[in-house]
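Beneath this line is the structure, given in C-alpha cells, with notes to follow.
Convention: sequence-line order gives letters A, B, ...; per-chain numbering from 1.
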Amino acid sequence: MPDHAISPTRAQDYPEWYQQVVRAADLAEQSPVRGCMVIKPHGYAVWERMQGILDRMFKETGHQNAYFPLFIPLSYLEKEAQHVEGFAKECAVVTHHRLELGPDGKLIPTGKLEEPLVVRPTSETIIGAMYAKWIQSWRDLPVLINQWANVVRWEMRPRLFLRTSEFLWQEGHTAHATKEEAVEETLRMLDVYATFAERDLAMPVIRGPKTAGERFPGAVDTYSIEALMQDGKALQAGTSHFLGQNFAKAQEIKFASQTGQEEYCWTTSWGVSTRLIGAVIMTHADDDGLVLPPRIAPAQIVILPIHRTDEEREAVLACCRQLAADLAATRFGDEPLRVKIDSRDMRGGDKVWQHVKQGVPLRVEIGPRDLAAGAVSVSRRDRGPKERVSMPLAQFVAEAPTLLAELQAGLFEKARAFRDERSVRLDSQAEVLDFFAETGDKAGRSGFAHVHVADDPAVTALLDPLKVTVRCIPMDGPDEPGTCIVTGKPVSRRSVLARAY
RNA sequence: CGGGGCGUAGCGCAGUUGGUAGCGCGCCUGGUUUGGGACCAGGAGGUCGUGAGUUCGAAUCCCACCGCCCCGACCA
C-alpha cells in the first residue's frame with residue numbers, strides 16, 4: 001500500500017486528487033445527467049449539518065423560510081435588463097409539457113407551451129413578483145425570507161460540488177423601506193456567512209465588495225467571502241447582494257410610506273451553496289482524504305470495537321455502548337456530541353482507513369487490552385493515520401469536547417497560516433506579473449496578492465492574460481491609501497487579486 | 001462551443017498484421033489469521049460508451065453521435 005490513501009497526491013495532480021477525495025470519502029458522484037451530481041449519504045449529511053447551522057443563524061437574524069416555484073416564466077427574466085444579460089445564456093428552458101409515443105417507440109415532446117418556462121438559475125424575479133403583491137404599506141416591511149432550493153445553471157465545465165449544472169443552495173430575499181436598512185441587511189448576512197465559514201467550516205475568509213465587472217447581474221453592490229484553496233486558487237464561498245431599487249423598479253415592488261408617498265422597495269439577496277463542501281475539501285483535506293471540522297462532521301467520534309472471540313465481543317461492545325452513551329450526554333458547541341459505533345464485521349484496518357478517508361475527527365478503538373486497563377486508544381484526523389494515544393476512558397469522556405475544540409481551532413489556524421504564507425503585498429505591475437507567473441518555481445503556487453488597483457478596464461486588461469481577477473476589496477482593517485499600479489488613480493485600500501475557481 | 005486526451009467487470013488498467021476478452025484491487029464462500037489497509041483456495045461479475053458501416057468475422061478499421069477529464073470563454 002502507498003504512503004497515502006489518496007492517489008495522486010495534491011502535489012502530483014491537484015484536480016485529480018480532488019476528485020479522488022470526493023470518491024474515497026463517498027461524498028458524491030457523477031450522474032447519468034450531464035453536469036449533474038448525485039450527492040451520496042455522507043455528502044448529504046455534511047450538507048445537512050451546514051443547513052442546520054445556517055438555518056438557525058438565519059432565524060436568529062429574523063428570517064423565515066418559504067418556498068417558491070422551480071419554473072419562472074420567460075417574461076419575468078426579461079424585465080431586468082442587466083439581469084437578463086447575466087443569466088440569459090446559461091439557462092435550462094422548458095418548452096413542452098407532454099410526451100407522446102412515436103411510431104418507432106421513441107417519446108416525442110408535444111404540447112408546446114405558450115410561454116417557455118425557465119428552470120430557475122436564481123429566484124429574484126419570481127420572488128419579486130410575489131413581493132409586489134404582498135407589499136402594500138410600510139407596515140409590511142421588512143420582508144425577510146429565505147428558501148432552501150435547487151437551481152440550474154447550464155455551466156460549460158462542471159466539477160463536483162464546485163460547479164455543477166444543478167446545485168443545492170439557500171437564497172435569501174429581503175425587501176426594505178430604506179436604502180440604509182437594505183445595505184445593513186446585505187452586510188449582516190455577509191457577516192453571517194463569514195462567521196459560519198470561520199467558526200464552523202474552520203475556513204478563513206476575506207470579505208468585501210466586488211468590482212463592477214464581478215457584480216451579480218442587476219445588483220448595485222455585490223459582497224463576497226473569499227477563501228484560499230490549497231492549490232493557491234481563490235474560491236468565492238458566499239455572496240450577498242445589495243440590489244438597490246433595480247429589481248423593485250423592474251417588478252413594481254412598491255409601498256405606501258408613512259407620509260403616504262408611493263415608494264419603491266430596496267431589496268437584497270444572498271446565498272451559499274453545496275459549493276461549500278468543495279471549499280471544505282480544498283481547505284482541509286490531505287493526501288489521506290477528507291478532513292472534517294468537528295462542527296460540521298456528521299459523526300465527530302467513531303468508536304471501533306476490536307475483538308476476537310464472542311466473549312470479547314460482548315464485553316467490548318458493552319463498553320462501547322456505554323462510552324457512546326456517556327459521550328452523547330456531553331456537549332460540544334451547544335449540541336450533544338455525535339458518536340457512531342462501527343461494529344461492522346470487517347477487517348479492522350479497512351475500517352479505520354474508511355473513517356480516515358471520510359474525515360471523521362476522532363477515532364476511538366476499544367479492544368480487550370483497553371478493557372482490562374480501563375483505557376481507550378484515540379486517534380485524531382489532524383495527526384498521522386497510524387498515531388494513537390492511550391488514555392483512561394473516564395479522561396477521554398471528560399476531554400472529548402476539548403479535543404474536538406482543539407481540532408477545530410487547529411484546522412482554522414493551519415488554514416490561516418497557509419493563507420498568510422501565500423499572501424503578499426505587491427506595489428508594481430512587474431511584481432504582479434512575477435507573482436502570478438506560471439513558470440519555474442512559482443508554477444501553480446500563487447495565492448492572494450494585495451494590491452492597489454482601481455476599478456478600471458485597464459486593470460482587467462492587465463490581469464486577464466494572467467487569468468487573475470480582483471476577488472474583492474477587503475473591508476476589514478484600516479484604509480491604506482495608495483495609487484493604482486496600472487492607472488495611477490488614487491485608491492483608498494488594497495484589493496485582493498487571485499486566480500479563482 | 002473551440003483545442004487536446006480518453007471511454008474494455010464496482011475501481012485502475014492490458015488487449016494493433018481484425019479471429020470472438022484478460023490482469024490487479026474490490027466483491028461472495030470456505031479456511032488460516034488478527035490492535036490493523038493480511039494469506040491460501042474456490043466463485044460471481046462484461047451485449048468492450050451508443051448507433052450505423054466495411055468484413056466470413058470488429059474491443060481492434062471507417063463514420064456519426066453521446067459522455068468524461070485537462071486547457072479556454074461562462075460561473076455559487
inquiry  = Is there a side chain to side chain contact (heavy atoms under 4.5 Å, CB included) between A:Val356 and A:Arg363? Walk through the geometry before answering.
reply    = CA-CA 9 Å; A:Val356 170; A:Arg363 304 186 299 280; 3.3 Å; yes
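Between A:Tyr18 atom OH and B:rC69 atom C1' there is a gap of 15 Å when expressed in whole angstrom units. Following rounding to the nearest Å, A:Arg120 (CZ) and B:rA76 (C1') show an atom-to-atom distance of 15 Å. Atom CE of A:Met346 is separated from atom C1' of B:rA38 by 13 Å (rounded to the nearest Å). As rounded to whole Å, 10 Å separates atom P of B:rG72 from atom CZ of A:Arg163. For A:Tyr501 and B:rC70, the OH to C1' distance is 13 Å, given to the nearest whole Å. Between A:Gln20 atom CD and B:rC25 atom P the separation is 18 Å, expressed in whole Å. Here B:rC27 presents its C1' atom at 12 Å from CG of A:Asp350, a figure rounded to the nearest Å. Taking atom CD of residue A:Glu214 and atom P of nucleotide B:rC74, one finds them 10 Å apart after rounding to whole Å.
Of all heavy-atom pairs spanning A:Glu198 and A:Val205, the tightest one is OE2-N, 2.9 Å.
A heavy atom closer than 4.0 Å to some atom of RNA chain B occurs in A:Ser273, A:Arg275, these being the qualifying members of residues 270-283 of chain A.
Checked by atom type, the side-chain pair A:Gln322/A:Asp326 shows a donor-acceptor distance below 3.5 Å. A:Glu124 and A:Ser269 share a side-chain donor-acceptor pair at under 3.5 Å. For A:His241 and A:Thr222, the side-chain atoms include at least one donor-acceptor pair closer than 3.5 Å.
Here A:Thr164 lies in heavy-atom contact (under 4.0 Å) with a base. Contacts of A:Gln354 with the nucleic acid, taken as non-hydrogen atoms under 4.0 Å apart, are absent. Using a 4.0 Å heavy-atom distance criterion, A:Glu16 is classed as making no nucleic acid contact.
Test A:His42, A:Lys40, A:Gln358, A:Lys357 against A:Asp26 for side-chain hydrogen bond (donor to acceptor under 3.5 Å, both in side chains) and you get one pass: A:Lys40.
Note on A:Gln30: a side-chain N or O is less than 4.0 Å away from OP1 or OP2 of B:rC69.
Remark: A:Asp286 engages A:Arg381 in a salt bridge, criterion side-chain N to carboxylate O under 4.0 Å.
Around atom CD of A:Gln64, no more than 12 heavy atoms belonging to other residues, nucleotides or ligands sit under 6.0 Å away. The environment of A:Phe396 atom CZ is dense: over 12 non-hydrogen atoms of other residues, nucleotides or ligands sit within 6.0 angstrom.
In the set B:rG37, B:rC71, B:rC69, the nucleotide with an atom closest to the side chain of A:Lys467 is B:rC71. The nucleotide whose nearest atom lies closest to any side-chain atom of A:Phe167 is, among B:rG37, B:rC70, B:rA76, B:rA76.
Mapping A:Phe216 and A:Gln19 onto RNA chain B by nearest heavy atom places A:Gln19 closer to the 5' end of the strand.
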Provide a list of protein-nucleic acid N or O atom pairs under 3.5 angstrom, restricted to nucleotides 33-35 of chain B.
unit_1, atom_1, unit_2, atom_2, d
B:rG35, O2', A:Arg388, NH1, 3.2
B:rG35, O2', A:Arg388, NH2, 3.2
B:rG35, O6, A:Pro368, N, 3.3
B:rG35, O6, A:Arg369, N, 2.5
B:rG35, O6, A:Asp370, N, 3.4
B:rG35, N1, A:Asp370, OD2, 2.5
B:rG35, N2, A:Asp370, OD2, 2.6
B:rG35, N2, A:Ser377, OG, 3.2

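Checked against side chain to side chain contact (heavy atoms under 4.5 Å, CB included), A:Pro41 has no partners two or more places apart in sequence or in another chain.
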